[in-house]
Each structure stands twice: as C-alpha cells, then as structure tokens.
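Note on naming: letters A, B, ... go to the chains in the order of the sequence lines (proteins, then strands), and numbering restarts at 1 for each one.
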Number of protein chains: 2
Amino acid sequence: MNNDLNQIRIFCQVAQLQSFTQAAESLEIEKSTVSNKVSQLETRLGVKLLQRTTRSVKLTDEGAQYLKFCQQAMHQIELGEALIGDMQQQAVGHLRVAVPQNFADVMASMVVVPFLSEHPKVTLEMQQGAQNVDLIKDGFDLAIRASFSEIDDSSLIYRKIYQSQRIFVASAEHVAKFGNAINIQQLREQPYIASFAGERNDTSFNQVYVDGRWHTLQARFTVNSIAAIVQSMQANLGFAIMPVTMVRDKLASGELVQIAPQVKLTDSVIYLVYPSRKGQPAKLKAFIDTLVCWGEKMMLKNHR
Amino acid sequence: MNNDLNQIRIFCQVAQLQSFTQAAESLEIEKSTVSNKVSQLETRLGVKLLQRTTRSVKLTDEGAQYLKFCQQAMHQIELGEALIGDMQQQAVGHLRVAVPQNFADVMASMVVVPFLSEHPKVTLEMQQGAQNVDLIKDGFDLAIRASFSEIDDSSLIYRKIYQSQRIFVASAEHVAKFGNAINIQQLREQPYIASFAGERNDTSFNQVYVDGRWHTLQARFTVNSIAAIVQSMQANLGFAIMPVTMVRDKLASGELVQIAPQVKLTDSVIYLVYPSRKGQPAKLKAFIDTLVCWGEKMMLKNHR
DNA sequence: AAAGACTGTTTTTTTATATGAACAATGATT
DNA sequence: AATCATTGTTCATATAAAAAAACAGTCTTT
C-alpha cells in the first residue's frame with residue numbers, strides 16, 4: 001500500500017527514540033521494516049524527514065514540523081482507545097432494550113430500578129411492544145422475547161434466562177361461580193382473560209396444547225399487562241393463564257386459586273436476544289447480568 | 001499486523017460514508033479488505049464499532065465515540081501533510097549553509113541579499129570556514145566547496161556551479177617594482193599574498209602545478225577574504241592568485257594587472273554539495289537556483 | 001409474487017510485505 | 001592505530017495481506 005498509516009507510527013517512534021534499531025525493538029518489528037517504511041513515507045511526501053548516518057539519526061526541518069502533527073494524531077488515537085477500554089470495563093453510555101408488551105411492569109420494579117441505581121452512568125431506553133424488531137437495523141442493544149416457538153436467527157445470541165410452568169388461575173369467587181374445570185372443553189365455556197405477547201395477531205399466548213393438538217381460547221377480555229390481568233381476575237372477569245412464579249404470592253394468600261390442574265400447558269420461557277457475544281460493552285454485560293440474576297431469583301421462588 | 005493504523009482510516013471512511021462498498025471505492029481498495037480491516041479493528045478493541053445489515057451500516061455507541069478521536073487524528077495528519085506540501089512548493093524554514101572561509105564576502109552581496117529578499121519566509125544561517133564538515137551529522141542543508149581535488153562521497157550530490165581560470169595579478173606599482181615575472185622561479189622571489197580555502201593546513205590554494213610537479217608559494221601575508229587580498233594588492237603588499245572573474249573589473253580599469261601569463265594555473269572550481277537530490281524542500285531548491293544563477297552570471301562575465 | 005440489483009461476508013488465488021541474513025559504514029575500545 | 005561492536009541499508013525468501021470471485025442475504029422493481 002502506498003499511503004500506509006503505519007509509516008507514521010514508525011516514523012514517530014524513530015524520531016522519538018532517535019534510532020531505527022530501538023524503534024524496531026519497541027514496535028516488535030524488524031529494523032529492515034522500519035527502514036523501508038520510513039523510506040516509503042519520505043518518498044510519498046517527497047521530503048527527507050530524517051537525516052541518518054550509520055551512527056546517528058536526526059530530524060530535518062521538515063521532519064520536525066511533520067512530527068508534531070503525527071504525534072498529536074497518535075495521541076488522539078491513544079485517547080480514543082483508552083476510552084473504548086473504559087467503556088469495556090465500566091458500564092457507561094446509552095442502552096436500548098426492546099421488551100414484550102406484557103413485561104414492562106414486571107421489569108420496571110424488579111430489574112430497571114436496581115440496575116439504574118447500580119450503574120449511574122448508564123441511561124436506559126426501554127421500548128415496549130417491540131417484540132419482533134430487527135435488533136441490528138433498529139439499533140437495539142438487547143431484546144427480551146417471550147416466544148414459545150424458538151426462532152432461529154444466526155448472528156444473534158439467544159439466551160434463556162427464565163422458564164416457568166404456566167397454570168390456569170382464577171379468583172376463588174370465579175371458581176365458586178363456574179366450578180373447577182377439569183378439561184379443556186370445560187375451560188372454553190368459562191370467561192377467559194387473554195394476554196398477548198407481541199404482535200396484534202400473535203395468539204401463541206392463548207393456545208393450549210392438549211391431546212396432541214392446539215386449542216385456542218377465545219378471550220372475553222384482552223390486555224397486555226400482567227398486573228391488569230391479575231386485577232381483572234380479582235374483579236371476577238374470568239380465569240387466565242399465568243406463569244406460576246408470577247402469581248406465587250397470590251396463590252399462597254388465597255387471593256387466586258389454580259384451576260384445571262390436570263390440563264398441562266407449555267412452559268413460559270423468556271429469552272434474551274443480543275447481537276454477537278464477543279466485544280460486549282460493559283453496560284450490556286451489566287444489564288444481562290441483572291436480567292439473568294432476576295431470572296434465577298424468579299425460578300428459585302418457583303421451586304421453593 | 002495486529003495493530004494496523006490503516007484499520008482506523010478505513011473505519012473512518014466506512015463510518016463517514018455509512019457504506020463498506022463506497023468506502024472501498026473511495027480508498028481504491030477492495031471491499032473485502034475493508035470488511036476484514038474493520039473486523040480486525042473490532043477484534044483488537046474488543047468492541048463492535050459498526051452494526052451492519054446487508055443493507056445498512058450504523059455506528060454503535062462505542063463506534064461513535066471512537067470515531068471522533070479517529071477523525072481528529074486523521075485531520076491532524078492531513079494538516080501535517082498539507083504543511084509538507086507547502087514547504088515543498090513554497091520556500092519556508094531555516095537553511096544552514098557551510099561556505100569556505102574566503103567566500104563569505106563574495107556570497108554576502110551577490111547571493112545572500114537577493115536570495116533573502118526574494119524568499120522572505122526563509123531564514124539563512126551561513127557558517128564560514130566549515131569546509132570539511134559532515135553535512136548530515138552537523139545538520140547542514142548545503143555546503144559550498146572550492147576544492148581543487150574532487151572528493152568522492154556517495155550519497156552526497158556534487159554539482160559544479162562555477163569554473164574559472166586563475167591568474168597571477170598584482171598592482172601596476174608592484175609590477176613596476178618587481179618586474180613582470182615569466183616563470184615560477186621568478187614568482188617565488190616576489191612577495192606573495194595567500195588565501196586559504198578551508199582548514200588551517202590546507203595549502204592547495206597556494207600550489208602551482210608547473211612542469212609536472214607542484215610548487216608551493218611561500219606567503220608573505222595570508223588572509224581568508226577575497227576583498228582583503230584585493231585591498232592588500234592595491235597597497236602593494238605583493239601579488240596574488242585570483243580567479244579571472246573576481247578581478248575582471250579591476251583589470252579593465254587598470255587597478256590590477258596580470259603577471260606571468262605564461263605560467264598556467266589549475267582552474268578555480270566551486271561545487272555545491274548537498275545530501276540527496278530527490279525530496280528537496282523548496283527553500284533548498286531556491287537557494288541552489290540562486291547559486292547556480294550566480295555561477296552562470298560570473299562565467300559569462302569571464303568569457304565576455 | 002418473483003426476479004434482479006446491491007449489500008456485506010467468506011473463500012481462494014495472487015500479490016505484496018515482513019523477515020532474517022549479509023552488508024557497508026561509523027564510532028568506541030583496546 | 002587497528003580491531004570490534006553497532007548502526008542503517010540491501011537482498012532473497014517465507015509469510016501475510018489484498019484482490020477477485022463466489023456467496024448469502026435484503027430491498028426494490030417489474
């Protein structure tokens with residue numbers, strides 16, 4: 001290559017150390033390379049930068065002038081790389097996260113608050129309902145997905161952080177009124193409160209796999225918030241499908257009760273999706289850690 | 001090479017043009033090279049700098065931060081190279097010249113004054129009596145040599161700018177007193193005013209080649225200034241050896257007369273010596289031009 | 001809806017470059 | 001003063017990088 005920037009680094013080193021040999025050693029290259037690169041640079045610029053005897057190396061007038069600029073340039077690059085190093089070690093900068101519609105409220109209290117207080121130099125942007133965004137194109141650092149069918153997309157890292165059994169739950173009053181259903185047919189006759197995970201026509205959350213085929217429950221009421229569903233159940237609007245962990249406390253206190261335990265549902269699984277595992281900035285590592293930690297805590301709660 | 005500065009230029013170009021393909025075209029390299037270099041840079045820094053789809057290229061948070069520093073660095077280098085370009089085109093800077101002892105006065109009026117007035121941005125340092133200096137080691141841009149024996153030194157450019165017949169001259173009064181000598185023996189009996197060109201023991205200027213061997217004239221008075229010698233002759237201190245051109249006017253006006261025209265002297269030759277012909281800064285080119293021009297004018301005067 | 005144009009990446013081949021030894025030149029040392 | 005150690009440069013060879021072509025996506029257009 002004619003216009004080789006490495007010539008400049010090498011020239012700087014020679015000029016600074018006043019020696020081709022020492023420059024070669026410090027850069028861990030051959031002195032013949034040093035000699036050639038400096039010659040190339042001189043030829044390209046059309047100026048002799050260094051006057052050299054076999055015994056001494058001195059800057060020419062032009063070389064001294066040029067060196068100043070080169071040294072500043074090298075310094076700028078050093079500063080830049082130091083900054084990158086810092087960003088790798090310390091969580092700083094802006095983080096854009098895509099979360100499913102029905103997860104915002106769960107995240108806010110249990111993840112966002114502790115994360116932001118632990119990492120004061122990070123700013124967080126959480127975009128709800130951006131379930132199927134293109135991480136790279138739309139500039140997200142991370143997405144949380146609650147898909148039940150795993151999507152295979154190379155170049156993206158999928159990481160399961162949470163898996164929980166889902167159950168049918170309702171208020172005690174609801175059970176008293178409709179009876180405790182024991183199969184899918186009976187459930188379909190009871191009012192159902194649906195959630196949707198992502199896109200408008202995404203019905204995966206409302207599908208029940210029984211006897212080798214999928215049954216879709218028709219919803220009386222649909223809302224994209226876990227908290228709203230719980231409240232609706234307590235208002236006796238109907239039964240719902242919930243991850244066990246989400247309603248563990250309500251079940252313990254008797255506010256909600258499980259119905260149709262014989263009917264098995266697929267698990268609720270939460271994935272983290274992010275582009276490329278290597279070269280993660282510290283801010284992303286930190287957020288992933290927080291999420292993984294949260295997932296583990298939730299799972300423990302489940303199996304307690 | 002692991003730490004390749006060219007990665008940075010390429011990254012800058014990609015980031016600026018938001019395209020690998022366009023960056024490759026503008027840098028006149030292959031897009032595969034661009035792709036590889038950016039990947040190398042990312043690997044080295046351990047950060048993804050650019051998020052890329054097959055259709056779009058976007059800076060990451062880290063990439064944007066890093067880019068700022070890289071752009072500044074590139075800008076610095078551009079400034080430096082622009083300066084070098086100017087120095088090549090416009091005579092600026094400091095010029096160190098070594099001249100023989102007996103040339104300073106000749107140079108001052110006929111070369112230095114017109115040169116400095118024509119090139120106001122050049123500062124000139126003229127070191128007298130530095131005849132046999134090491135151009136490179138001692139940091140001279142140019143030396144003027146009046147050697148009679150050509151020295152062969154590779155890596156140095158020798159350029160003859162002036163050659164003149166030397167003659168014996170004296171004042172008319174001197175001739176009246178001592179008679180017009182016709183051979184070397186007669187000359188040796190007359191008082192001789194000597195010059196020396198360089199080192200203290202340099203007698204080449206006072207040697208006369210006659211009948212196949214060298215004769216050294218014993219000087220009654222030695223001084224290292226052409227002007228002083230002329231004045232001394234006019235004060236009838238003795239005869240001297242002078243290049244014809246130097247005393248052309250004095251001979252024409254009758255102030256000085258040639259003696260012993262039968263005795264042939266070697267020519268006076270003036271050389272320019274400078275390191276490396278290519279990559280000369282404009283200041284040096286300009287000074288060489290002035291000297292060559294001066295030499296030609298003097299030679300013309302001679303043959304008129 | 002399907003083909004085409006254009007993106008960035010990967011792979012193979014060709015080219016260029018770094019290397020290491022020998023070299024010429026200089027200063028220090030004996 | 002002569003040898004020795006060390007400098008920067010040169011040259012043949014091994015190595016690494018750039019080029020060229022093939023590839024796998026994505027968006028546009030017919």
Side-chain angles (χ1 to χ4, degrees), chain A residues 1-7 9-11 13-15 17-44 48-60 63 132-138 151-156 275-276, chain B residues 1-7 9-11 13-15 17-44 48-60 63 132-138 151-156 275-276:
Chain A
M1 183 183 283
N2 183 28
N3 187 349
D4 185 352
L5 278 190
N6 294 314
Q7 293 163 357
R9 155 184 293 137
I10 292 170
F11 163 66
Q13 203 68 232
V14 174
L17 298 174
Q18 302 247 323
S19 158
F20 280 62
T21 304
Q22 286 182 44
E25 283 169 5
S26 75
L27 293 169
E28 294 181 343
I29 55 178
E30 288 299 310
K31 57 183 180 176
S32 57
T33 307
V34 174
S35 180
N36 280 324
K37 288 286 174 186
V38 172
S39 295
Q40 282 174 24
L41 181 59
E42 288 178 328
T43 304
R44 181 166 70 78
K48 250 202 163 337
L49 298 171
L50 296 163
Q51 285 295 13
R52 28 200 191 276
T53 317
T54 52
R55 216 61 187 177
S56 69
V57 174
K58 273 187 183 174
L59 281 163
T60 63
N132 286 324
V133 292
D134 185 322
L135 274 195
I136 293 166
K137 200 197 318 180
D138 300 334
I151 309 152
D152 182 47
D153 184 342
S154 62
S155 87
L156 288 181
S276 81
Chain B
M1 186 183 284
N2 183 26
N3 187 349
D4 185 352
L5 278 191
N6 294 315
Q7 293 163 357
R9 153 182 297 135
I10 293 170
F11 163 66
Q13 204 67 233
V14 173
L17 298 174
Q18 302 249 322
S19 160
F20 280 63
T21 304
Q22 285 182 46
E25 283 169 7
S26 75
L27 293 170
E28 294 181 343
I29 53 177
E30 287 300 311
K31 57 182 179 176
S32 57
T33 307
V34 174
S35 179
N36 279 324
K37 288 286 174 186
V38 172
S39 295
Q40 282 174 25
L41 181 59
E42 288 178 328
T43 304
R44 181 166 68 80
K48 251 201 163 339
L49 298 170
L50 295 163
Q51 284 295 12
R52 29 202 190 275
T53 317
T54 52
R55 215 65 187 174
S56 70
V57 174
K58 273 187 182 173
L59 281 163
T60 62
N132 286 323
V133 292
D134 186 320
L135 275 194
I136 293 167
K137 201 196 319 179
D138 299 334
I151 310 152
D152 181 48
D153 185 342
S154 61
S155 88
L156 288 181
S276 81

A.B. asks: Give the rounded distance in Å between these two atoms: CD of B:Q22 and C1' of C:dG8.
C.D. replies: 13 Å
A.B. asks: Can you name the nearest heavy-atom pair linking B:N6 to A:L5, along with the distance?
C.D. replies: OD1-N, 2.7 Å
A.B. asks: Indicate yes or no for a side-chain donor-acceptor contact from A:S39 to the backbone of A:S35 under 3.5 Å, with no hydrogens or angles considered.
C.D. replies: yes
A.B. asks: Over how many whole Å does the gap from B:K58 atom NZ to C:dT7 atom C1' extend?
C.D. replies: 16 Å
A.B. asks: Rounded off to whole Å, could you give me the CZ-to-C1' distance for the A:R55 and C:dA24 pair?
C.D. replies: 13 Å
A.B. asks: Looking at the side chain of A:T33, which of C:dA18, C:dT7, D:dT6 is the nearest nucleotide?
C.D. replies: C:dA18
A.B. asks: So, does the side chain of A:S35 form a donor-acceptor pair with the base of D:dG8 at under 3.5 Å?
C.D. replies: no
A.B. asks: OP1 or OP2 of C:dA18 sitting under 4.0 Å from any side-chain N/O of A:K37?
C.D. replies: yes
A.B. asks: When you look at A:F20 and A:T33, which way does the side-chain contact (heavy atoms from CB on, under 4.5 Å) test go after all the steps?
C.D. replies: CA-CA 10 Å; A:F20 280 62; A:T33 307; over 6 Å; no
A.B. asks: Nearest whole angstrom, please: distance from the C1' of D:dA16 to the CD1 of A:I29.
C.D. replies: 15 Å
A.B. asks: Give a yes/no answer on whether the side chain of A:T53 brings an N or O atom under 4.0 Å of OP1 or OP2 in D:dG8.
C.D. replies: no
A.B. asks: Which pair of non-hydrogen atoms, one from A:V14 and one from A:A23, has the smallest distance, and what is that distance?
C.D. replies: CG2-CB, 3.5 Å
A.B. asks: Considering only side-chain heavy atoms of A:K31, which listed nucleotide, D:dT7, D:dA19, C:dG8, is closest?
C.D. replies: D:dT7
A.B. asks: Among the nucleotides D:dG8, C:dG8, C:dT19, which one has an atom lying closest to any side-chain atom of A:R52?
C.D. replies: D:dG8
A.B. asks: Rounded to whole Å, how long is the line connecting atom CG of B:L50 with atom P of C:dT7?
C.D. replies: 16 Å
A.B. asks: Would you indicate what B:S19 reaches in the nucleic acid, counting non-hydrogen atoms under 4.0 angstrom: base, sugar-phosphate, or nothing?
C.D. replies: sugar-phosphate
A.B. asks: Could you tell me how far apart B:F20 (CZ) and D:dG25 (P) are, to the nearest whole angstrom?
C.D. replies: 18 Å
A.B. asks: If you assign B:V57 and A:E28 each to the DNA chain C nucleotide with the nearest heavy atom, which residue ends up on the more 5' nucleotide?
C.D. replies: B:V57
A.B. asks: What is the distance from CD of B:E30 to P of C:dT13, rounded to the nearest Å?
C.D. replies: 17 Å
A.B. asks: Evaluate the side-chain proximity of B:V38 to B:I10: yes if any heavy-atom separation is below 4.5 Å, no if none is.
C.D. replies: yes
A.B. asks: Hey, is the side chain of B:S32 poking within less than 4.0 Å of OP1 or OP2 on D:dA20, counting only N and O atoms?
C.D. replies: no
A.B. asks: Separation of B:L27 atom CG from D:dA19 atom P, in whole Å?
C.D. replies: 10 Å
